[in-house]
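What you see below is based on every heavy atom in this structure, not just the backbone, and it leaves out hydrogens, waters and symmetry mates. Proteins come first, then strands; the chains are lettered A, B, ... in the order of their sequence lines, and each starts at number 1.
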Number of protein chains: 2
Amino acid sequence: MTRGLTARQTQVLEFIEEFTSGHGYPPTVREVAANFGFRSPRAAHDHMKALEKKGFMRSRAGRPRALEVLHSRRGIPVLGKIAAGQPILAVEEAEELLGLEPTFFGQGRFFALRVRGESMIGDHITEGDLVILRAQEEARSGEVAAVLLGDEVTLKRVVPGKQGLELRSANPTVPSIFLGPQDEPPRILGVMVGLVRKN
Amino acid sequence: MTRGLTARQTQVLEFIEEFTSGHGYPPTVREVAANFGFRSPRAAHDHMKALEKKGFMRSRAGRPRALEVLHSRRGIPVLGKIAAGQPILAVEEAEELLGLEPTFFGQGRFFALRVRGESMIGDHITEGDLVILRAQEEARSGEVAAVLLGDEVTLKRVVPGKQGLELRSANPTVPSIFLGPQDEPPRILGVMVGLVRKN
DNA sequence: CTCCCGACTAGACCTGTGTATAGTAAAAAC
DNA sequence: GTTTTTACTATACACAGGTCTAGTCGGGAG
């Protein structure tokens, strides 16, 4: 439920966004109704009017399909500080959305983290960069992943070794972390698929 | 004239793309007609049908605004090899288009260059990175710019000094270039505004 | 208990819009 | 010189689709 919307209104808004980015044009009132099984266009129209009054959409009266979702929640969310146990990928928590095509970095669910510090400088990732990650719980050897350590998220290269798991830093001044078999395995939030830097 | 389209058809296609990305929904046949001053919707409809037959659009019969531009020419063009004297920013020359919002890196006309080699490694720009540049002919001191030297485009930091212009590399093994007042000033194609890396 | 609001159904009105028929005129192709 | 293509005008039709009136039902607030 996004900011004062009812559950149904959220669903309708989400459908409209999905439909639009899938088809290239917004749905009609009746197409919305059909999607939810409404037997009257009035039901869909009511929800859309509510969404408009609440500022989530804009539409031109009388014009078919002439509607625009305003603060789109499509795009890759840039997540800020993340606390352990919190719903990591709650889009609502996003401080910002990156305006690029949903499939820009391939298939899957993505999020971005703003890099603080120079711990991955060896991989040419520097302060302020936005690292793009595909949300997944596993990482293959050698992949750079966002790892939850305590209540901090850090970016590390995951390298399984003989004595356990190595979380390798790409900066000689930042020590790598070695986890033995007795240690609790770290929670992986996503693996790095790209990087965006805005000067 | 893009690939077998008449001049008018190109204009119509461009208008449809602009309208759609500006409004969030495609124009009607009559809105296209109005834009070009056609006094009959038939004229616009004919062009749109031609565009559809040629594979540049798709539309659902009878449905208002239900049209989709297929291979969109919106986005930031990734330019490959560029020869001197050629129309540098001809979108048609693009090997690829980056699917991000036109305003992602701000206002202006943008293009991207794929980085070859490690000449800017000191600025954490590495092989394969896509450097995003705003198309402009001037660079301020300290900005990284795409510079045309002979028939090669290189990425250099532009630093005006006492004896002339320095095109500074960010790699100790790649020498910087110094241009005196007697040298022809280099042609600047654009200044760097960002970077996109896909793993 | 009553009132209000969210979430719908049923049915209808009417206009915006895709699309058709019938032409005109000029340029390009054959 | 004739045909084809491009680029339009003028008019009209039918229906998709926005929007209206009138109502039902349930849940939560006062």
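Annotation: of the two residues near DNA chain D, B:R8 and A:R65, the 5′-most nearest-nucleotide partner is B:R8. Position along DNA chain C of the nearest nucleotide to A:G37 versus B:S59 favours A:G37 as the more 5'-ward residue.
The side chain of B:H45 lies closest to C:dT19, out of C:dT17, D:dT6, C:dT19. Here the side chain of B:D46 is nearest to one of C:dC8, D:dA10, D:dC8, namely D:dC8. For A:T6, taking side-chain heavy atoms from C-beta onward, the closest of the listed nucleotides C:dG6, D:dG18, C:dC8 is C:dG6. Of the candidate nucleotides C:dA12, D:dT6, C:dA7, C:dA12 has the atom nearest to the side chain of A:P41. Listed nucleotides: C:dA7, D:dG18, C:dA22. Nearest to the side chain of B:R42: C:dA22. Checking D:dA7, C:dA7, C:dT9 against the side-chain heavy atoms of A:S40 singles out C:dT9 as nearest.
Taking atom CG of residue B:L51 and atom P of nucleotide D:dA7, one finds them 10 Å apart after rounding to whole Å. In this structure, the CZ atom of B:R60 is 12 Å from the C1' atom of D:dG17, given to the nearest Å. Whole-Å rounding puts the B:L67 CG to C:dG18 C1' distance at 11 Å. Rounded to a whole Å, the NZ atom of A:K49 is 8 Å from the P atom of D:dT19. Computed from coordinates, the A:R39 CZ to D:dG23 P distance equals 20 Å when rounded to whole Å. One can place CD of A:Q11 at 9 Å from P of C:dC8, the figure rounded to the nearest angstrom. Remark: C1' of C:dG18 and CD of B:E52 are 12 Å apart, rounded to the nearest angstrom. Atom CZ in A:R63 sits roughly 13 Å away from atom P in C:dT15 (whole-Å rounding).
Listed by first residue number, the stems of DNA chain D with at least three Watson-Crick or G-U pairs below 3.5 Å are C:1-30 with D:1-30.
Taking the six-membered ring where the residue is Trp, A:F105 and A:F110 present tilted rings, their angle falling between 30° and 60°. Aromatic ring orientation, B:H47 versus B:F38: tilted (interplanar angle from 30° to 60°).
Not a single donor-acceptor pair, N or O on each side, falls under 3.5 Å between the base of C:dG16 and the side chain of B:R30.
Electrostatic pairing of A:E166 and A:K156 does not count as a salt bridge here, judged by no charged N lying under 4.0 Å from a carboxylate O. The residues B:E52 and B:K49 are annotated as not salt-bridged, no charged nitrogen and carboxylate oxygen being separated by less than 4.0 angstrom.
Look at A:T28 and you won't find any side-chain N or O under 4.0 angstrom from OP1 or OP2 of D:dA16. Contact annotation: A:H47 side-chain N/O to C:dG6 OP1/OP2 distance is not under 4.0 Å.
Under a cut-off of 6.0 angstrom, the local environment of CD in B:E184 is sparse, with at most 12 non-hydrogen atoms contributed by other residues, nucleotides or ligands.
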For this session: Could you go through the side-chain hydrogen bond (donor to acceptor under 3.5 Å, both in side chains) check for A:S169 and A:N171 one step at a time?
Result: CA-CA 6 Å; A:S169 97; A:N171 184 336; 5.9 Å; no
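There is a side-chain donor-acceptor pair under 3.5 Å between A:Y25 and B:R60. Checking A:S59 against A:E68 by side-chain atom types alone, no donor-acceptor pair falls below 3.5 Å.
Contacts of A:A50 with the nucleic acid, taken as non-hydrogen atoms under 4.0 Å apart, are absent.
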